[in-house]
Asks: 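Handing you a structure now.
This one's a predicted model, so the numbers in the text were calculated from it and none came from an experiment.
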Amino acid sequence: MKRSILIISAMLLGLYIVGGCDKEIKGPPRMNIPPIVEFVNIPVDGAQFSSDTTIYWYGTDVDGFIKYFRYAVVESTVVGNDPDAYISTAPDNSIPWKVIPVELTSPGTKDKVKMSADVSDPVRKFVASYIFLQAVDNLDAGSRIVYRMYRKNNHFPITLVTVNPIHDPYINAKSPGIGSISLEGVSIQFSATDPIDYPRNPPPFEYQWKMYGPFDSLQMDTINRLYTESVFVDNFGDFYYLGDFYKTVNRIDTTIDTTTIPWDTTFDTVFNFILVDTLKGGNPYGSWDMFFYIDSLPPRFQRVIGESYNPSTGQPWVNDENINVYDVFRNDTVSAGGDTTRLKYFVVWSQARDDSKVPDPVPDYKWTSVIEPKFEREVILLDLTEYGNTSAGNYNYPLFPGRDGYPESTPPTIKTVYGDLINTWKPGSFDMDNILPDDTIYNLVGDGPYYIYYSTFRCTQDYYAVAALLKYPLGGMPVISLRDVLKHKIILLVKDNATRVINLESVEGESILKGIRNGMSCWSMMRRPFANVTGVLNGLPPNLLQSAPSEYRIAFGVDLIAFTAWAEFVNYLGGPTDPKFWGPYGQIRIEDFVGAYSLDPNMPDLAVDTLMLESRYYWHRPPSYGALRFPFRCGTVTGPMVVGAYPEVGYVAKQNFSDTALYLYKSKYGTNTPQLSYTCNTIRTGNILKYEGTVVAIKRNTPFFRTSHFSFTLLPFEREVALDVFEPMMDWLAEQPFLGAGKLAPNAFSGSRQQLLELDNVLRDMQMKKKAGMLRNIVED
């Protein structure tokens with residue numbers, strides 16, 4: 001039985017294989033079911049917003065999947081009274097649809113919806129907009145379009161323009177630069193806040209801006225007086241002026257007339273009128289601000305140097321938050337005789353608008369200043385020498401008027417000696433005689449007045465006794481301005497005393513570094529520029545080798561510097577029980593620099609002239625001398641020299657192999673073993689370290705600037721010898737390929753810009769510290 005069933009089944013299978021079958025499914029085709037889309041419950045229909053809000057929805061498709069959602073925001077004035085009629089009759093391509101794709105990483109069921117506000121009265125008025133929503137499936141079938149209506153108002157943004165304060169000028173640049181060399185020009189930042197609508201995470205803002213100038217100080221004052229005004233702006237954007245009254249609701253009185261049927265209710269509003277002059281900061285109604293009437297500026301002040309423009313829209317509104325403006329003096333007409341370095345003022349005006357296109361009703365504006373450098377003079381001599389203050393051990397400095405018993409008629413030695421050297425190198429280029437008048441200044445916050453006594457210290461346009469001027473309080477203001485520096489091609493820094501230190505990370509130092517950054521050359525001649533005594537314990541000599549500050553290392557190539565602690569050794573008064581007792585190294589005269597060996601065939605070997613050393617420097621004189629005094633001669637003015645060498649000349653270590661050593665140290669004791677001996681009663685002299693043959697002068701040559709460091713000055717040398725050093729050094733410094741008055745000079749050459757980038761970083765860091773009030777003066781105790 002089972003066998004017969006098997007044979008029949010095989011026969012049927014064979015017939016099926018031979019005959020085949022029809023694979024098509026017969027019957028009516030299956031229809032695609034459109035998807036369904038709905039808004040979530042919140043926010044409810046008719047909700048009011050003051051900022052763009054994220055709207056959520058969901059969708060389903062029973063026989064496929066949703067490919068994308070799309071929505072459109074249309075104002076109610078366009079939709080009319082019947083949203084269904086609008087959406088059914090409006091051409092699809094006239095509706096501003098936004099497509100939200102459905103992807104594996106995003107279901108596409110939400111978006112931050114951008115709605116309009118009433119720009120003319122954005123706070124009081126709410127603008128109604130409909131959001132139309134549709135889902136589209138994988139077969140391009142669209143769901144029924146659903147909609148909700150929402151209302152939106154908007155509060156005003158607040159604009160902020162950020163530029164350098166008026167006492168911190170920019171340096172004009174003709175262009176952004178060439179190739180990899182960039183110039184800053186006038187750097188401006190724009191920002192805005194929207195604290196009511198967006199207390200956190202504000203949207204991107206758009207800005208329009210204009211920059212006007214240049215103006216002199218009188219023109220700036222005229223603009224501030226006639227075209228700016230203090231205004232009170234309430235929370236609705238309405239303006240009030242001094243003497244106006246602000247109207248507020250005091251209470252609402254309700255009166256019910258029971259004699260009528262139905263009863264008649266009357267509402268009577270009682271107002272308060274507040275004189276806006278009495279409204280101070282923190283009031284609930286609005287705030288005071290300065291308004292700049294730029295549209296009212298007369299033609300003589302309509303000097304637009306730069307303004308925003310968006311070529312894609314043809315409008316002034318742009319998204320840039322940082323811009324640089326170049327060649328800002330291009331419209332400033334000056335005579336040939338007046339074509340000198342000048343500082344003028346510019347005003348930057350900016351208005352922000354928010355994501356609802358609502359602009360700030362009180363645009364911000366800031367005044368700034370810019371220098372047009374011409375480098376028309378040859379050399380500026382900055383005297384950083386600390387004069388006087390012998391009670392603190394500051395002995396051995398060049399003679400100066402009125403210091404330590406010298407009459408006021410005493411010429412300032414550094415000015416006299418270097419002025420002669422400069423005028424011999426280039427006759428008539430150094431102003432020796434035209435003394436600057438005293439000046440009165442105010443600092444950035446308006447404190448003062450502060451007085452700069454230029455006449456007291458014989459300052460001219462080419463000579464500034466910086467350290468002496470800083471003895472008087474200046475409220476944080478520099479004694480030399482950036483304009484003073486940029487009038488020259490070469491900077492000479494001279495510090496010829498054995499105590500105190502200099503600090504280039506200062507308001508004055510910033511001007512020096514900016515000058516170098518813009519192609520000026522600088523020659524620094526300093527004894528003990530930035531070293532302090534450290535590690536003086538247990539009768540051991542101090543750690544005399546110290547690192548140079550970063551700004552000095554970058555500018556001058558000095559990595560390390562050694563110093564002798566000359567004044568500290570002699571001034572030490574401690575005994576064996578003192579925790580800082582120096583033992584055998586205390587109360588001695590460590591001074592042994594008697595010259596230098598030249599490594600440059602164009603410059604001579606040097607020998608200190610003891611006549612120059614004695615006559616040009618202050619030494620504490622007999623009869624009040626001893627271990628704690630620094631006499632040049634022993635006993636009397638005609639006695640033997642105590643040492644006869646130049647004190648506190650330190651040796652240096654170069655930062656880079658490419659920096660060039662120029663001179664080596666010549667010691668009074670040569671290569672002898674360090675030794676001490678008594679000279680002139682209680683005075684001990686000698687050496688505790690070997691300095692013979694160490695580097696005491698170097699130069700740094702970059703494609704953008706040239707600098708040099710000498711650990712000594714030229715005052716201890718006879719004039720002709722000093723000239724033999726000075727003239728070839730000045731000729732070398734005078735080759736300035738990057739000096740181009742705000743543009744690359746025609747003979748600028750390419751090369752590594754590492755030093756320039758490092759200097760830029762230092763200057764940016766100093767700029768931040770200046771804004772925070774952290775920069776000190778250039779000469780410190």
Asks: Looking only at atom types and distance, does a side-chain atom of T193 sit under 3.5 Å from a main-chain N or O of P195, one as donor and one as acceptor?
Replies: no
Asks: Run W209 and V161 through side chain to side chain contact (heavy atoms under 4.5 Å, CB included) and show every step you take.
Replies: CA-CA 9 Å; W209 61 269; V161 175; over 6 Å; no
Asks: What pairs of residues pass the salt bridge (charged side-chain N to carboxylate O under 4.0 Å, His left out) test when at least one of them lies in residues 421-442, not counting sequence neighbours?
Replies: E378-K426
Asks: Could you report the tightest heavy-atom contact between A465 and F457, atom names first, then the distance?
Replies: CB-CB, 3.8 Å
Asks: Give, for atom CG of L297 and atom CG of L226, the distance between the pair rounded to the nearest 0.5 Å.
Replies: 10.0 Å
Asks: Name each donor-acceptor pair under 3.5 Å that joins a side chain in residues 321-329 to protein atoms two or more places apart or in another chain, with its distance.
Replies:
{"from": "N324", "atom 1": "ND2", "to": "E184", "atom 2": "O", "distance (Å)": "2.8"}
{"from": "Y326", "atom 1": "OH", "to": "L183", "atom 2": "O", "distance (Å)": "3.0"}

Asks: Does the side chain of K374 reach to within under 4.5 Å of the side chain of R342, using non-hydrogen atoms?
Replies: yes
Asks: How long is the gap from CG on D354 to CD1 on I158, to the nearest 0.5 Å?
Replies: 11.5 Å
Asks: Drop me the distance from L513's CG to N518's CG, to the nearest 0.5 angstrom.
Replies: 11.5 Å
Asks: For K495 and V779, run side chain to side chain contact (heavy atoms under 4.5 Å, CB included): C-alpha distance rounded to whole Å, both residues' side-chain angles, the deciding distance at 0.1 Å, then the answer.
Replies: CA-CA 10 Å; K495 175 186 174 294; V779 179; 6.0 Å; no
Asks: Can you name the residues that form a ring pair (Phe, Tyr, Trp, His ring centres under 6.0 Å) with Y451, not counting sequence neighbours?
Replies: none
Asks: Considering non-hydrogen atoms only, spot the tightest contact between M520 and L739 and give its length.
Replies: N-CD1, 4.0 Å
Asks: Side-chain contact test, heavy atoms from C-beta onward, threshold under 4.5 Å: evaluate it for D383 versus K415 and give yes or no.
Replies: no
Asks: By side chain to side chain contact (heavy atoms under 4.5 Å, CB included), which residues pair with S506, not counting sequence neighbours?
Replies: N503, E508, I778
Asks: Is any side-chain heavy atom of I452 less than 4.5 Å from a side-chain heavy atom of M477?
Replies: no
Asks: Is it the case that Q755 and R700 place a side-chain donor and acceptor less than 3.5 Å from each other?
Replies: no
Asks: Mind checking whether Y293 and E229 have side chains closer than 4.5 Å, heavy atoms only?
Replies: yes
Asks: Could you give all pairs that pass the side-chain hydrogen bond (donor to acceptor under 3.5 Å, both in side chains) test and reach residues 357-371, with sequence neighbours left out?
Replies: T159-D360, E206-K357, N224-W367, D364-K366
Asks: For the pair F292 and Y212, name the ring-plane relationship: parallel under 30°, tilted 30 to 60°, perpendicular over 60°.
Replies: perpendicular
Asks: Please round to the nearest 0.5 Å and tell me the distance separating atom OG1 of T660 and atom NZ of K654.
Replies: 6.5 Å
Asks: My understanding is that only residues two or more places apart in sequence, or in another chain, count here; which of them pass side chain to side chain contact (heavy atoms under 4.5 Å, CB included) with K769?
Replies: E505, D765, M774, L775
Asks: My understanding is that only residues two or more places apart in sequence, or in another chain, count here; which of them pass salt bridge (Lys or Arg N to Asp or Glu O under 4.0 Å) with D760?
Replies: R517
Asks: Pick one: which of V696, V725, V652 meets side chain to side chain contact (heavy atoms under 4.5 Å, CB included) with F710?
Replies: V725
Asks: At their closest point, which heavy atom of A192 faces which heavy atom of Y207, and how far apart are they?
Replies: N-OH, 3.4 Å
Asks: Are any of the side-chain heavy atoms of V479 and Y464 separated by less than 4.5 Å?
Replies: no
Asks: Begin with the C-alpha distance, continue with both residues' side-chain angles, and end with the deciding distance and a verdict on ring-ring contact (aromatic ring centres under 6.0 Å, His included) for Y170 and F346.
Replies: CA-CA 11 Å; Y170 294 97; F346 297 78; 9.5 Å; no
Asks: Sub-3.5 Å donor-acceptor pair from the side chain of D197 to the main-chain atoms of H155, do we have one?
Replies: yes
Asks: Quick one: does P703's side chain get under 4.5 Å of F738's, heavy atoms only?
Replies: no
Asks: Which atoms form the tightest heavy-atom contact between L384 and A467, and what is the distance?
Replies: O-CB, 3.5 Å
Asks: Please walk me through it: do V379 and M730 pass side chain to side chain contact (heavy atoms under 4.5 Å, CB included)?
Replies: CA-CA 10 Å; V379 183; M730 293 298 286; 3.5 Å; yes
Asks: Any donor-acceptor pair under 3.5 Å linking the side chain of Y472 with the backbone of Y450?
Replies: no
Asks: Side chain of T460, backbone of M432: donor and acceptor closer than 3.5 Å?
Replies: no
Asks: Using side chain to side chain contact (heavy atoms under 4.5 Å, CB included), reason through R377 and T340 one step at a time and then give a plain yes or no.
Replies: CA-CA 9 Å; R377 300 194 62 78; T340 61; over 6 Å; no
Asks: Are side-chain heavy atoms of F556 and L493 found at a separation under 4.5 Å?
Replies: yes
Asks: Please check if the side chain of R706 supplies one atom and the backbone of L733 the other of a donor-acceptor pair under 3.5 Å.
Replies: no
Asks: Please check: side-chain N/O of T702 versus main-chain N/O of F704, any donor-acceptor pairing under 3.5 Å?
Replies: yes
Asks: May I ask you to say whether E372 pairs ionically with K344, meaning some side-chain N is under 4.0 Å from a carboxylate O?
Replies: no
Asks: Rounded to the nearest 0.5 Å, how far apart are CG of L759 and NZ of K514?
Replies: 11.0 Å
Asks: Return yes if a side-chain donor-acceptor contact under 3.5 Å exists between H709 and T707, otherwise no.
Replies: no
Asks: Do I561 and S711 have side chains that get closer than 4.5 Å, going by heavy atoms?
Replies: yes
Asks: Measure across H488 and F375 and return the closest heavy-atom pair with its distance rounded to 0.1 Å.
Replies: O-CD2, 3.1 Å
Asks: For Y418, which residues count as a ring pair (Phe, Tyr, Trp, His ring centres under 6.0 Å) partner, sequence neighbours excluded?
Replies: none
Asks: Any idea which heavy atoms bring V762 and S550 closest together, and the distance?
Replies: CG2-OG, 4.5 Å
Asks: Output every pair passing side-chain hydrogen bond (donor to acceptor under 3.5 Å, both in side chains) with a member in residues 298-310, not counting sequence neighbours, ordered by first then second residue.
Replies: N310-S312
Asks: Apply ring pair (Phe, Tyr, Trp, His ring centres under 6.0 Å) to F430 and list each qualifying residue two or more places apart in sequence or on a separate chain.
Replies: none
Asks: Could you list the residues that satisfy ring pair (Phe, Tyr, Trp, His ring centres under 6.0 Å) with W732, not counting sequence neighbours?
Replies: none
Asks: What's the separation between atom CG in N602 and atom CG in D731, rounded to the nearest 0.5 Å?
Replies: 9.5 Å
Asks: Any salt bridge (charged side-chain N to carboxylate O under 4.0 Å, His left out) involving residues 207-224? Give me the pairs, sequence neighbours left out, ordered by first then second residue.
Replies: D221-R225
Asks: May I ask you to decide if Y198's main-chain N or O and D194's side chain share a donor-acceptor pair within less than 3.5 Å?
Replies: no
